[in-house]
Amino acid sequence: MTDVRVRFSPAPTGFLHVGGARTALFNWLFARHHGGEFLLRIEDTDVARSRQEWVDGIQHTLEWLGLHWDGEPVLQSTRFDRYLEAADHLVKAGRAYECFCTEDEVKARNEEALAAGRTPGYDGRCRSLDPARRASLAAEGRPRSIRFRTPDSGTSGFDDMVRGPVSVEWPTIHDFVIVRSNGTPVFFLANAVDDADMEISHVVRGEDLIDSTHRVLALREALGHAGRPKYAHLPLLVGADRGKLSKRHGAVALEDFRDSGYLPHALLNYLALLGWAPDDDREVMSIDEIVAVFDLDRVTHSPAFFDYQKLDWMNGEHIRRLQVHELAADVLPFARERYGERLDVRVFEAAVGLARERATTLVQIADQAEFLFVADGDLVVADTSWDRLVATERVREILDAVIAHLEKCEWTVEAIDLRPLLETLGLKARKALPAVYAAIEGSHAGLPLFDSIHLLGRGSAVARLTAARERLGPDR
RNA sequence: GCCCCCAUCGUCUAGUGGCCUAGGACGCCGCCCUUUCAAGGCGGUAACGGGGAUUCGAACUCCCCUGGGGGCACCA
C-alpha cells in the first residue's frame, strides 16, 4: 500500500477520551506502518460548543501519548469560506436547497412523527419552493439553512476495510442540513470538503460514524471530486454495562490516566489490543513492535470492553521493562508534588528501584516511598498496621532487640538484616517483621524492610522504632 | 418506529471447513518462592447464544430467531 494519508479529526468539545485516543492511535499506527502521513484536523464547526482550551488540551495529550502528527493542524473554523463556497455551488447545481423551516419546527414535526409511530426525518417541504415563495419567506426574515437533497431511490454503498460491503437504501436517508441558519457549515460538508482537499486516502474512525459515511460520500460526489477514500470503521469501546464508555464507568479522560500514573506506552499498548491483535501471542509490546506488525486487516468487529484491571497489569509490565533511572525520571514529578523540598533524589532513585517490582502505577511508586520523605514525628502508622503491630507476639521484646541491634550494627543492608537476630530469639521472621514494617514505614506492607531501613538512616530508624515502643507502653 | 453493524471463556482475543477433546492474556482460585506487600514460577476454573441448511466433516459458509451496540440533529 502506498501514499497513505490519514487524519485524526476530533471535535474540541471536551478532553481527549479513551475512545478518541484509540481512534487516533489506529490512524497513527496505520500511517507509520505504511510510511504514510498522519494529519490532525480540528473539527470545530460547531462554534458554540468548541473551545480553544480543548483544542490545546487535545494537542497536548496527543503529544504526551507520543502520537505526533505531520504538518500543521487544520482548523475547520478557519476554512468556513471554503465550505460555504461549496454549499453555494451545490445550491446552484440543484443538489441542495434553501430551507426556511426553523429548527424548532423540524424538531416538533419529528417528535410528532415519532409519537405517531412514523419514521422521523425531514419531510422535504422546502425542497421545491418556487423563487417567488422563497423570496417572500426571506423577506419575512425567516431563518434560512441549506439542505442537501438526497436521492429518492437507489442504494448507497461502500466497501469498508474492516466490515466489508456496507449499503443502505437512499429513501431511508432524509435531506440534511449542510449550512446552519446562522451561516456556519455542518460536519458533513466540512468533512467531505476537507477529506478531498487534504487528499485523505483512508478514513479510520469509530463505528458510530458508519451511517454518516453515505452522506459524506454523496456530498463528495456532488462536489465533483473523483474517487473516494477507503473507509475503515473501528469497533466501539464500551463500559461495564456494554454501553458507550463514559465517565460513570471510571476514568475516561486521558489526562486522568496521566495523573494517575499510567505510562503513555502502556496505555497505547493496551489500547492497541482493543480491537486488534497481532498474529502471534504477544501482548506486552513496544510501540515499534506494534508499528511493525499493525494493519487494519486484523481489526476485530465487535465492541470491546475497556478493562481497567488489565490496563493496570499492562502498566506494571511496562514499568518493569524500564531502566530504573528512566522510571525514576517518570515518577519524579509525582514525588516532587508530594514531598517537595524533603525529596532526596539519591534516596528516591533507590526507592524507585525497590518499588519497581511491586507497582502498577507511577503514583503507587511515589506513595510507597512516602515514609522516606516525612519527618520521623510526622510518620503516620495506619490503624490496621498498628493493630497488627499490637497483636504481634512478644512485640515489646522484638522492638527492644531491633533497636539495640540497629544502634550498633554496621550500616549495610547485609548487617541490618534482622533475620539472624529473630532466629536467636526463636521468632519467625514472617510473624515478627510486619510489626517492624509498621514502625518504620507506617504500614505493615511496603518496600523491603532492610533496604528501607538502610535508606532511612540509623537515626530515623531508631527514632521511629523507639516512638512505636513508647506508644506501646510497658507490658502490663 | 425505521436503518445499519455485531455475536468464541466474566473480560480482551486466536481461530478463516478437518491441525479444536477450541489456544493465549487479564481476572479469579490453589500451590511454590518469600523479609511484609507485590513481582515471579507452576497448576486450575471458564466460551463457540439458539434453531435450521450446505458438507464426508462445521467456531469457521448460508438462512431464520434471539441478544447486544450504533444511527435516524441546524453534535461530530
Side-chain angles (χ1 to χ4, degrees), chain A residues 9-13 43-46 48-50 99 101-104 106-107 110 113-122 143 145-147 160 163 166-169 171-174 176-182 184-188 190-191 205-214 233 235-236 238 240 242-244 270 273-284 298 300-307 309-314 316 320 355-360 364 368 385 388 417-419 422 429-430 432-438 441 443-452:
Chain A
S9 50
T13 54
E43 304 216 327
D44 53 352
T45 52
D46 186 353
R49 298 200 309 151
S50 299
C99 174
C101 299
T102 67
E103 195 176 348
D104 290 342
V106 173
K107 195 185 277 182
N110 277 340
L114 222 36
R118 297 197 314 274
T119 302
Y122 185 67
S145 61
I146 296 177
R147 275 182 196 276
D160 194 276
R163 275 148 225 283
V166 178
S167 68
V168 63
E169 297 303 310
T172 64
I173 301 178
H174 302 93
F176 57 94
V177 170
I178 54 176
V179 178
R180 300 183 184 87
S181 53
N182 68 5
T184 61
V186 172
F187 161 71
F188 302 104
N191 200 272
R205 33 135 68 156
E207 200 210 324
D208 52 337
L209 291 168
I210 196 165
D211 289 314
S212 75
T213 307
H214 301 95
H233 287 93
L236 257 23
V238 298
R242 295 257 130 208
K244 249 186 170 176
Y270 177 65
L273 262 18
L274 247 31
W276 174 84
D279 63 4
D280 50 36
D281 283 337
R282 282 181 296 168
E283 292 212 297
V284 182
R298 291 188 62 84
T300 60
H301 294 189
S302 37
F305 168 78
F306 190 91
D307 187 348
Q309 282 188 311
K310 189 154 183 176
L311 204 217
D312 281 347
W313 165 77
M314 182 68 81
R320 259 157 253 126
R356 181 172 175 271
E357 299 306 316
R358 65 207 78 237
T360 64
Q364 270 181 17
Q368 287 185 327
S385 297
R388 179 92 178 252
D417 191 337
L418 301 173
R419 287 170 296 182
L422 293 170
R430 169 168 215 96
L433 252 18
V436 185
Y437 271 91
E441 305 189 26
S443 166
H444 63 276
L447 299 186
L449 187 62
F450 313 140
D451 294 278
S452 297

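The structure displayed is predicted, hence computed values, not measured ones. Letters A, B, ... mirror the listed sequences (proteins, then strands); counts begin at 1.
- Side-chain N or O atoms of Tyr437(A) include none that pairs as donor or acceptor with a backbone N or O of Gly446(A) at under 3.5 Å.
- Smallest separation of non-hydrogen atoms from Leu236(A) and Asp208(A): CD1-N, 3.6 Å.
- Across all strands shown, Gly121(A) has heavy atoms under 4.0 Å from sugar-phosphate atoms exclusively, and none from any base.
- The same atom, C1', is picked in G23(B) and in C19(B); the two are 12 Å apart, to the nearest Å.
- Phe188(A) comes within 4.0 angstrom of a nucleotide base, judged by non-hydrogen atoms across all strands.
- When distances are taken from the side chain of Ser302(A) to each of C75(B), U35(B), A7(B), the shortest belongs to A7(B).
- Residue Leu236(A) contributes atom CG, which lies 7 Å from atom C1' of G70(B) at whole-angstrom precision.
- For C37(B), the base has a donor-acceptor partner in the side chain of Arg358(A) [N/O atoms by modelled type, under 3.5 angstrom].
- In this structure, the CZ atom of Arg282(A) is 17 Å from the P atom of C26(B), given to the nearest Å.
- Here Arg298(A) lies in heavy-atom contact (under 4.0 Å) with sugar-phosphate atoms only.
- To the nearest angstrom, P of U36(B) lies 13 Å from CG of Leu418(A).
- His301(A) comes within 4.0 angstrom of the backbone, heavy atoms only, and of no base.
- For Phe305(A), whose side chain is taken as the heavy atoms from C-beta onward, the closest listed nucleotide among C12(B), C4(B), G1(B) is C12(B).
- Across G27(B) and C12(B), the matching P atoms stand 15 Å from one another, rounded to whole Å.
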Original post:
Going through the distances and angles, do Ser145(A) and Arg180(A) end up as a side chain to side chain contact (heavy atoms under 4.5 Å, CB included)?
Top reply: CA-CA 5 Å; Ser145(A) 61; Arg180(A) 300 183 184 87; 5.8 Å; no

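- At the heavy-atom level, Phe187(A) lies under 4.0 Å from base atoms of the strands shown.
- U36(B) has Tyr437(A) stacked on its base ring, the centres lying under 5.5 angstrom apart and the planes within 30 degrees of parallel.
- No hydrogens or angles considered: nothing links the side chains of Ser181(A) and Glu103(A) as a donor-acceptor pair under 3.5 Å.
- Among the heavy atoms of the strands lying under 4.0 Å from Leu433(A) are primed sugar atoms or P, OP1, OP2 only; no base atom is included.
- Taking only side-chain atoms of Glu283(A), from C-beta outward, the nucleotide of G24(B), G69(B), A14(B) with the closest atom is G24(B).
- Between the side chain of Asp211(A) and the base of G70(B), at least one donor-acceptor pair of N or O atoms lies under 3.5 Å.
- Of the C1' atoms belonging to A47(B) and C26(B), the separation is 16 Å, rounded to the nearest Å.
- In this structure, the side chain of Arg298(A) does not engage the main chain of Trp276(A) through any donor-acceptor pair within 3.5 Å.
- Comparing the same atom, P, in A7(B) and in C28(B) gives a spacing of 29 Å after rounding to whole Å.
- Pairing for C72(B) goes to G1(B), judged as Watson-Crick or G-U wobble with the two contacts each under 3.5 Å.
- Remark: Thr102(A) is not in phosphate contact with C74(B), judged by side-chain N or O atoms under 4.0 Å from OP1 or OP2.
- At a threshold of 4.0 angstrom between heavy atoms, the contacts of Pro120(A) include nucleobase atoms, whether or not backbone atoms are also involved.
- Thr45(A) comes within 4.0 angstrom of the backbone, heavy atoms only, and of no base.
- Taking atom CG of residue Asn110(A) and atom C1' of nucleotide C3(B), one finds them 15 Å apart after rounding to whole Å.
- Across C48(B) and G30(B), the matching C1' atoms stand 28 Å from one another, rounded to whole Å.
- For Ser181(A) and C74(B), a side-chain-to-base donor-acceptor distance below 3.5 Å is present, hydrogens and geometry of angles not being considered.
- Base pairing of A53(B) is made with U61(B), judged by Watson-Crick or G-U wobble geometry with both donor-acceptor distances under 3.5 Å.
- Taking only side-chain nitrogens and oxygens, Arg430(A) comes nearer than 4.0 Å to OP1 or OP2 of U36(B).
- Look at CG on Asp307(A): it is 16 Å from P on A25(B), rounded to the nearest Å.
- When the C1' atom of C4(B) is taken as reference, atom NE2 of His233(A) falls 11 Å away, rounded to whole Å.
- At the phosphate of U13(B), OP1 or OP2 sits under 4.0 Å from a side-chain N or O atom of Thr300(A).
- One P atom belongs to C63(B), the other to C5(B), and the distance between them is 12 Å to the nearest Å.
- At a threshold of 4.0 angstrom between heavy atoms, the contacts of Glu43(A) are confined to the sugar-phosphate backbone, with no base atom among them.
- Under the Watson-Crick or G-U wobble criterion, with both distances below 3.5 Å, C26(B) is paired with G10(B).
- A close approach under 4.0 Å does occur between a side-chain nitrogen or oxygen of Arg147(A) and OP1 or OP2 of C74(B).
- Remark: Arg147(A) fails to qualify as a cation-pi partner of Phe176(A) under the 6.0 Å distance and 45° angle criteria applied to the six-membered ring.
- Going from the C1' atom of G24(B) to that of C33(B) covers 25 Å, rounded to whole Å.
- Nucleotide U34(B) holds its P atom 17 Å from the CG atom of Asp451(A), rounded to whole Å.
- Between Arg180(A) and A76(B), a side-chain N or O to OP1/OP2 separation shorter than 4.0 Å is present.
- Nucleic acid contact for Ile173(A): none, since no nucleic acid atom lies under 4.0 Å from a heavy atom of the residue.
- When each of G71(B), U34(B), C12(B) is scored by its nearest atom to the side-chain atoms of Arg419(A), the top-ranked nucleotide is U34(B).
- Regarding Asp312(A), its CG atom lies at a distance of 14 Å from the P atom of A38(B), rounded to whole Å.
- Using a 4.0 Å heavy-atom distance criterion, Ala11(A) is classed as a sugar-phosphate-only contact.
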**OP:** Evaluate the salt bridge (charged side-chain N to carboxylate O under 4.0 Å, His left out) criterion for residues Lys107(A) and Asp104(A): first the C-alpha distance (whole Å), next the side-chain angles of each, then the deciding distance (0.1 Å), finally the verdict.
**Re:** CA-CA 5 Å; Lys107(A) 195 185 277 182; Asp104(A) 290 342; 5.1 Å; no

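- Taking the P atoms as reference points, G71(B) lies 43 Å from G57(B), given to the whole Å.
- With Ser385(A) contributing its side chain and His444(A) its backbone, the two residues share a donor-acceptor pair below 3.5 Å.
- When only modelled atom types and interatomic distance are considered, Thr213(A) and Arg205(A) share a side-chain donor-acceptor pair under 3.5 Å.
- Gly275(A) comes within contact range of the sugar-phosphate backbone alone, with a heavy-atom separation under 4.0 Å but no base atom that close.
- Residue Arg163(A) places its side chain closer to C5(B) than to any other of G71(B), C5(B), C74(B).
- For Lys310(A) and A25(B), a side-chain-to-base donor-acceptor distance below 3.5 Å is present, hydrogens and geometry of angles not being considered.
- Nearest nucleotide to the side chain of Val186(A), out of C12(B), A39(B), A76(B): A76(B).
- U35(B): no Watson-Crick or G-U partner with both key distances under 3.5 Å is found in any strand.
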